[in-house]
Engineer: 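The structure that follows is given in the form of structure tokens.
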Amino acid sequence: MNTTLSKNYEPGQVEESWYAHWEQKGYFRSKPDGRPPFTVVIPPPNVTGVLHMGHTLNETVQDVLVRHARMSGFNACWVPGSDHASIATEAKVVQMLEKEKGIKKSELSRPEFMKYAFEWKEKYGGIIYHQIKKLGCSVDWDRVSFTMDDHYYAAVIKVFVDLYEKGLIYRGARMINWDPSAQTALSDEEVEYRDIQGHLYYVRYQVTGTDEYITIATQRPETIMGDTAVCVNPTDERYAHLKGKTIIVPLVNREVPIIFDEYVDPAFGTGALKVTPAHDINDYNLGLKHGLPTIDTLNADGTLSAAAQVFVGMDRFEARKAAVAQLRAEGSLVKEEEYSTRLGFSQRTNAVVEPRISTQWFVQMRHFADLALEAVTSGEVKIHPEERFLATYKYWLENIKDWCISRQLWWGQRIPAWYDADGKFVVAATADEAIAKFKEQHNIDHSPLTIRQDEDVLDTWFSSWLWPIEVFNGITQPGNPDINYYYPTNVLVTGQDIIFFWVARMIMAGQEYKNQRPFEHVYFTGMVRDKQGRKMSKSLGNSPDLLDLIDRFGADAVRFGILISSPAGNDLLFDDSSCEQGRNFNNKLWNALKLVKMWEGRQATDGSIADSRLPFAVEWFGQRLAQVKAQVEDLYKGFRLSEALKTVYSLIWDDFCSWYLEWVKPGFEQPIDNAVYAKTIEYFSELMQLLHPFMPFITEEIYHQLAERTDDLCVKQFTKGAPADASVLAQGSLLQDAISALRDARVKNNLKPKDPVTASIQTDARSQFAPIAAILGKQVNAEVQFVDDAVPGAITVVLGTQKFYLSSEQAVDTGVQKEQLLKDLEYHRGFLASVEKKLGNERFVANAKPDVVDAERKKKKDAEEKIEAIEKSLALLG
RNA sequence: GGGACGUUAGCUCAGUUGGUUAGAGUACUUCCUUGACAUGGAAGGGGUCACUGAUUCGAAUUCAGUACGUCCCACCA
């Protein structure tokens, strides 16, 4: 035995050295050449932290696809990178500065803050890249991209200027979502709505100059000071007499008009609505329609502004309590009830989002939505799994609203708009260009520099949407060889949660700037949950650490674990035990290697081993391999990676290890036929190749352990085999069934595996069994012979229409025999009855396809033969 | 309120255009530590395919409805 192989597979060192080897050989590096490209851009992880299990799943899926393509004649290029993640990262950096250094953002200048942010990016970007490496991802490290790289930054600015000039970007005051914690505007997509148990307050407003009151209901009494009207439905008779009247807003005693609008539902609440145009989107629209003034009673940080007159400087939630208390004291609070409602929260800071009127930059989306809709409905971009996401995608695009892209932050691409002291502005990439444009557009000379740049940065997704283009410098250097060769990319693998944020917008940008889809396929992975189905989160502590998992099980086992349980698009319940299964599989492979290595140097080259088992075993496994290779290719085409892996797993464990190796295994310390040995090495190598995209490390290791090699599995090209021979496969199944049936008979009849027995097969099946009889005999430890008649006193085993007689020197318990046979008989009679019922139905015979009817007739005949065989055996038992 | 998807063994899931008395992994039961592997081997039990109805010779599969679940979207105070 080769003593250099450890008892169990030890992944740690093997993984380290193979990754280094692949890198050193440059296998992951890609340059345009004559081969067809297979391009994948990584969804750039945010530089806010470390990779979680969702990333692990995505990266693993991508690596499988990329490695498979690389081994299938493609020039595979997988671009790694990371995303500056504007608001998310800025929030983390601000938090870190306060906690660790005691520095407030307000104490820093913009350049000082950026320095800290870049330090943060270096640190976390580095951690992420290390994890990607440990997982075995075959990314091209020469192409690492970051969404704030100089060229990338320039691309974003260029696109902004271009879209502004095309009239697709505009600046204006609109009601937007405001995050009072980060103190920035947000896009609609960055707001998450959650059901909240709140209160509904009923407050009465006095009609001016009367004793009459109108009661309104509100969830936000702290905004009463911003009321500029009360609105009722024009058809509501209760309020018809109030036309032209005014009403007094409590707390501030302001006189405002009573207005009439269909918008108000008379049946809801009291049928009267307070109108606060500054703090509610509906009220804002009503205000526009009726020409109402807008009183903004909140500051950017969520405290009450001077315009509120009361509770000034108080936080909005404190002010709510104070307002309620005062209304109650005044006798204006009519009643208060529990109310369940939905509130918008900032996705990044979790602050309650405030609707706020503010001057921001927007992208006009109708134009882009049409582009993105067309790309998918035409089938140019294919979504997997289609059924689940196509409808969502379409609905969103059909109902899209303009995209607010300005953020009141520092970490990101600064908006290239330039203002003069009068508030006039131009959009230009640089200050010099801006000055020129001021001359041109406003006829004002601002040189030397008297203009200032917009303080705001762009939404992080306004840079991410260029990812598949600008990682190849397609915006900054259009038409360069890389973009021409690698674009469009082949497949995007990502989570379904960013379908709107990112996927749809990349399609828009691709159509706009390349006039072409950014990718052919989109493969959505599900969310990774724990085994109880809960989301993985830091607070629950149920999110495993990737490096720790790799440490415990090895990267191959982790890849196996996450892939084996993840059908496309479905959420996957992750549990350590699936990694354990992967580790066990490693070990199985390792032990198969050990077995084969034991044969090394013990080959008989003189043909002296005339074991009749061998030809069939070798032939059969070759056919199985051909069959599975074809199946796996089909599964790849449908992105059914989980099933592809299961198929390969079963081929290796069941067909190769449990059947094939057992069939060709020589006796203890016996030599092996050289040709069989060579074939076995070849098969084993092919299996490793088939498995390599899923489990790259151990397969490469075993490939090299099996023989002296001058090549590496990593880049070994798949070969196309001949289609499998069905008759050989059928004979293999018959053999397996016979082995199982005879072993079962041994167990049931208490015959130990070592007890010698004779298995007699009826002569009429000789041709069928001749090639496999030797294997059968060996596997069930029996002498096999062919007989014409039933063997008296033997155990009868019925398999299909075939009878076997198992005779031994030991006494046979006929009771057990009888019981088993009766059970079989019952089953087959039931089966026969169902077939006869079908065939007895004239309409079945008349309507069903002829081959279906023939199949049923054959089933009937077989069942009858089986029953006859069993009955005969029973008769023999007496 | 609108929409999408799902419901198959204890658990996680396959099941291709309707056609063997429905499969896999895992868990479970029994037996086996000979000579690759107990991280293993052999054998086995376990499901009225959510429910109701329709179409059909035939339905896990097609259609309609119901229930339950998951997710997305929506400005009702």
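These numbers come from a predicted model, not from an experiment. Lettering follows sequence order; numbering is per chain, from 1. Quick note: numbers below take in every heavy atom, side chains included, and nothing from hydrogens, waters or symmetry partners.
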Engineer: Would you mind classifying the nucleic acid contact of A:Asp744 as base, sugar-phosphate or nothing, using non-hydrogen atoms under 4.0 angstrom?
Structural biologist: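 Sugar-phosphate, no base atom in range.
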Engineer: Assign A:Thr341 to base, sugar-phosphate, or nothing according to its heavy-atom contacts below 4.0 angstrom with the strands shown.
Structural biologist: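 Counting heavy atoms under 4.0 Å across all strands, the contact made by A:Thr341 is with sugar-phosphate only.
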Engineer: Could you tell me whether the side chain of A:Glu662 has a donor or acceptor atom within less than 3.5 Å of a complementary atom in the base of B:rA36?
Structural biologist: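 Looking at the base of B:rA36, it does pair with a donor or acceptor on the side chain of A:Glu662 (distance under 3.5 Å).
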Engineer: Taking any heavy-atom pair under 4.0 Å as a contact, classify A:Arg743: base, sugar-phosphate, or nothing.
Structural biologist: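 Since only primed, P, OP1 and OP2 atoms lie under 4.0 Å of A:Arg743, the category is sugar-phosphate.
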Engineer: So which of A:Val664, A:Val676, A:Ile681 actually passes side-chain contact (heavy atoms from CB on, under 4.5 Å) with A:Trp599?
Structural biologist: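 Only match with A:Trp599 under side-chain contact (heavy atoms from CB on, under 4.5 Å): A:Val664.
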Engineer: Can a salt bridge be assigned to the pair A:Arg220 and A:Glu354 using a cut-off of 4.0 Å between side-chain N and carboxylate O?
Structural biologist: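 Yes, this pair counts.
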Engineer: If you check the A:Lys838 side chain, which of B:rC72, B:rG19, B:rC76 turns out closest?
Structural biologist: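 Of the candidates, B:rG19 comes closest.
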Engineer: Taking any heavy-atom pair under 4.0 Å as a contact, classify A:Phe268: base, sugar-phosphate, or nothing.
Structural biologist: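 Base, at least one base atom sits under 4.0 Å.
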Engineer: Tell me what A:Val264 touches on the nucleic acid: a base, only sugar-phosphate, or nothing, going by heavy atoms under 4.0 Å.
Structural biologist: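 Here A:Val264 touches the bases of the nucleic acid.
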Engineer: Measure the distance from CD on A:Glu398 to C1' on B:rA4 and round it to the nearest whole Å.
Structural biologist: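 About 14 Å, once rounded to whole Å.
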Engineer: Could you check whether A:Leu273 gets within reach of a base, just the sugar-phosphate, or nothing at all, counting any heavy atom under 4.0 Å?
Structural biologist: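 Base, at least one base heavy atom under 4.0 Å.
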Engineer: With a non-hydrogen cut-off below 4.0 angstrom, is A:Cys657 in contact with a base, only sugar-phosphate, or nothing?
Structural biologist: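 Base, at least one base heavy atom under 4.0 Å.
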Engineer: Looking at every strand, decide which applies to A:Lys665 at a 4.0 Å heavy-atom threshold: base, sugar-phosphate, or nothing.
Structural biologist: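 Here A:Lys665 touches the bases of the nucleic acid.
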Engineer: Do A:Phe694 and A:Phe560 have ring centroids that are under 6.0 Å from one another?
Structural biologist: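 Between A:Phe694 and A:Phe560, which both carry aromatic rings, the centre distance is not below 6.0 Å.
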Engineer: Is a salt bridge present between A:Arg174 and A:Asp402, judged by a nitrogen-to-oxygen distance below 4.0 Å?
Structural biologist: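 No salt bridge links A:Arg174 with A:Asp402.
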Engineer: Taking the minimum atom-to-atom distance to the side chain of A:Ala592, which one of B:rC73, B:rA36, B:rC75 wins?
Structural biologist: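 Nearest nucleotide to the side chain: B:rA36.
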Engineer: Got a salt bridge between A:Glu865 and A:Lys861, using NZ or NE/NH1/NH2 to carboxylate O under 4.0 Å?
Structural biologist: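 Counted as a salt bridge, because a side-chain N and a carboxylate O are separated by less than 4.0 Å.
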Engineer: Please work out if A:Tyr339 contacts a base, only the sugar-phosphate, or nothing of the nucleic acid, heavy-atom cut-off 4.0 Å.
Structural biologist: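 It contacts sugar-phosphate atoms only.
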Engineer: What's A:Phe585 touching, base or sugar-phosphate or nothing? Going by heavy atoms closer than 4.0 Å.
Structural biologist: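 Answer is nothing: A:Phe585 stays at 4.0 Å or more from every strand.
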Engineer: Once you round it to whole Å, what is the distance between P of B:rU20 and NZ of A:Lys849?
Structural biologist: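 That distance rounds to 11 Å.
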Engineer: Categorize A:Asn8 for me: base, sugar-phosphate, or nothing, with a 4.0 angstrom heavy-atom threshold over every strand shown.
Structural biologist: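 The answer is base, as A:Asn8 lies within the cut-off (heavy atoms under 4.0 Å) of a base atom.
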Engineer: Could you tell me whether A:Tyr827 contacts a base, only the sugar-phosphate backbone, or nothing, with contacts defined as non-hydrogen atoms closer than 4.0 Å?
Structural biologist: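 Since a base atom lies under 4.0 Å of A:Tyr827, the category is base.
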Engineer: In the structure shown, which nucleotide is the Watson-Crick or G-U wobble counterpart of B:rC31, with both distances under 3.5 Å?
Structural biologist: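 B:rG41 is the nucleotide pairing with B:rC31.
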Engineer: Which of these nucleotides, B:rC57, B:rA36, B:rC75, is closest to any side-chain atom of A:Asn847?
Structural biologist: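 Taking heavy atoms from C-beta onward, the closest nucleotide is B:rC57.
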Engineer: Is it true that, when you exclude A:Lys860 itself, more than 12 heavy atoms of the residues, nucleotides or ligands shown sit nearer than 6.0 Å to its NZ?
Structural biologist: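 Check fails, neighbour count at 12 or below.
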Engineer: Given atom NZ of A:Lys646 and atom P of B:rG15, what is their separation to the nearest angstrom?
Structural biologist: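 Taking NZ of A:Lys646 and P of B:rG15, I get 10 Å after rounding.
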Engineer: Which whole-number value in Å describes the distance from A:Gln705 CD to B:rA36 P?
Structural biologist: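 Distance, rounded to whole Å: 18 Å.
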Engineer: With sugar-phosphate meaning primed atoms plus P, OP1 and OP2, does A:Gln219 contact a base, only sugar-phosphate, or nothing at under 4.0 Å between heavy atoms?
Structural biologist: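 It contacts sugar-phosphate atoms only.
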Engineer: Need one value for A:Trp653: base, sugar-phosphate or nothing, where a base atom within 4.0 Å counts as base even if backbone is also close, heavy atoms only.
Structural biologist: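 The answer is sugar-phosphate, as A:Trp653 gets under 4.0 Å only of primed atoms, P, OP1 or OP2.
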